[in-house]
Amino acid sequence: MLDFVRNKQKSIIIKLAFAVIILSFVIGYAMLGAPDGSDPETSEGLAARVNQRNISYNDFQIAYSNLYQLYQNIYKEQFTPGLERQLKLADKAINGLIDQALLQDEADRMGLKVSKQELIDAIAQVQAFQENGQFNRDRYLQVLSYQRLTTEEFEQMQRADLLINKVRQSLEKDISVIETDIQEEYRKQNDKVNLAFVRLAPEGFEKNVDVTPEALEAYFKENQETFRVPDMVALRYLQFVPERYLQDVVITEEQQERYYRRNLDKFDIPEQVKASHILIKADQNIDDKTREEKRLFAEKLLADIKGGQDFGELARAFSDDKASAAKGGDLDYFTRNTMVPAFEQAAFNMQPGELSDIIETQFGFHIIKVEGYIEPGIKKLDDVRDEVEKGLREELASQVAFEKAMDAYNINRKTGDLEAAADANELGLKETGLFTRDGYIDGIGRNEEIINAAFLLSEKELARPVVTEDGVFLFGLKERVPSHIPELAEIEDLIAAAYKRVEAVKLARVTAEDILSKLKEGENLKALASQAGIDLEETGEFTRSYSPFVPRIGTSEDLAEAAFTLEADKTVIDAVFEIQNRFVVATVNSRNPADLKELDEVKRKELGDTILVRKKNEAVQRSLDKLRLESTIEIDPRILALLDEENN
């Protein structure tokens, strides 16, 4: 595959086109309907109410889903459930919707409107709707149709987005940047300090902790709840695996047709182009003379091809994309959003057999030859019959597994007799070890539905079957251990380890404070580090723009601020900082102030533009904060529960 040109993401043209549009509607899309939001009766009630404007639960779900897909596309395989919680998507979704509602109210208060011509001009500027740089109505309708939007719905979205932009522009209109702003930002980016520091890790002091029976007893008495054993249960269960029933399923042609119609998205044919290319590499940082020489060489190759020389032979001889050069420049078929934009636009606007002009990208100069084209569409049922049958068989087998589990549950739920259910279904009866509410279940893993049901079970009671990726589970209680505090003798080693950790933290802090005290009296940090048996380290030079991160130390806004605000005649930073469970004492080793003489007009303009954007965003946020204080905002308990979950 082409290293120089291909991006990681792959999707079909319509998905790409709509992605360009939807970025500006990630939050707002959900709310761009009637002024008072969606009908609560058709959207599972309200997620929030802002003054007299409703935000339906469906609005919230759409906004959350848009954010989820956005971050999933950004982080790809790194987008884990943990990262999802860390990004606080529920918080972003509901607060984004609230902000939109507040801005819409503000637009009404200001009497702002969007004219028909403004709407037409805005839609015409959307690149996803253009062919060869011009608005194309067929492309417009195609994109909206793929996303199941009518023109009225999209234009309502666009109108609302334009209205919000007008409010923002009104709130930003008096914002400006003055010279002192630019100089302050320049200093922030270019003032440098280098810190000398020591770090005291509590674990290094554990060996100095004196552990006595009296100390352990006192510590245990004061911290008994810390050692409380939570409720635990163990289960007996049957696992109904769908694969077991694959051959029992009978499939009709009518079922295949229904499955095919329900899953058309699985049988998409993405728009594709088959192309070859010759790349004359020209990095962004080469000088103009060299760039022009490379362009001229590419133009010579293009002239040779037009003159009858073989494209493949020239690609093998001269292309700087070695991977495709070995194949005569062949890139095979590729979809939209696979190549960089300029290359993609050229390739998809050509017909098979056509040769491009010189196409310039960040990688250099390309000559493209298109050799094939596949229109977007949907595979016919007869062409995917095996795939349909496989998917349908798996789906029906899952239904059989669930039905058998439900039959076993209904037959045996009064007696709780899993042995009888196992015999009737020719399944082995399995058992788990003890597990807690926040633990993992042996043989099953972490499944919230099973865990929640397990802790509500009584003896000889069966829980309703639970469907998982690994099959359907029917289970009952094997054992329950109530929450309790063990005797000291049972967990003496555990108590001793906890006591050492606590006391070691105290010793580390006292040692750090002692070092700081001696520094303030004029002693040398290097000597003090040597006496304490710890390393003296340096951060290396860093700027204030790193804040709150401090190189080689970690995140500490207080330390980062102190490093740059300490008086010029002082070197000792008068505080002990606890960073990443270590105590840090630091001194300023050297200062390297920014030289304002190097702030030329180019840098001044770049900084001014950056500051202006930031100040405008801050101005809008201040207005939103004020509007929130003046508004009545109610958030549904379901949403509040999600926010609490994200924050815990």
Can you tell me how the ring of [X] sits relative to the ring of [Y], calling it parallel under 30°, perpendicular over 60° and tilted otherwise?
| X | Y | value |
| --- | --- | --- |
| Y64 | F60 | tilted |
| F334 | F343 | tilted |
| H366 | H277 | parallel |

Would you mind checking if [Y] and [X] are paired as a salt bridge, meaning a charged N to carboxylate O distance below 4.0 Å?
| X | Y | answer |
| --- | --- | --- |
| D287 | K289 | no |
| K615 | E172 | no |
| R501 | E206 | no |
| E203 | R582 | yes |
| K518 | D514 | yes |
| K603 | E606 | no |
| E578 | R509 | yes |

Could you walk me through whether I639 and Y57 satisfy the side-chain contact (heavy atoms from CB on, under 4.5 Å) test, starting with their C-alpha distance in whole Å, then the side-chain angles of each, then the deciding distance to 0.1 Å, before giving a yes or no?
CA-CA 9 Å; I639 307 298; Y57 198 79; 3.5 Å; yes
Determine, using ring centers only, whether F318 and F297 are less than 6.0 Å apart.
yes
Would you find a donor on one side and an acceptor on the other, under 3.5 Å apart, between the side chain of E646 and the backbone of L89?
yes
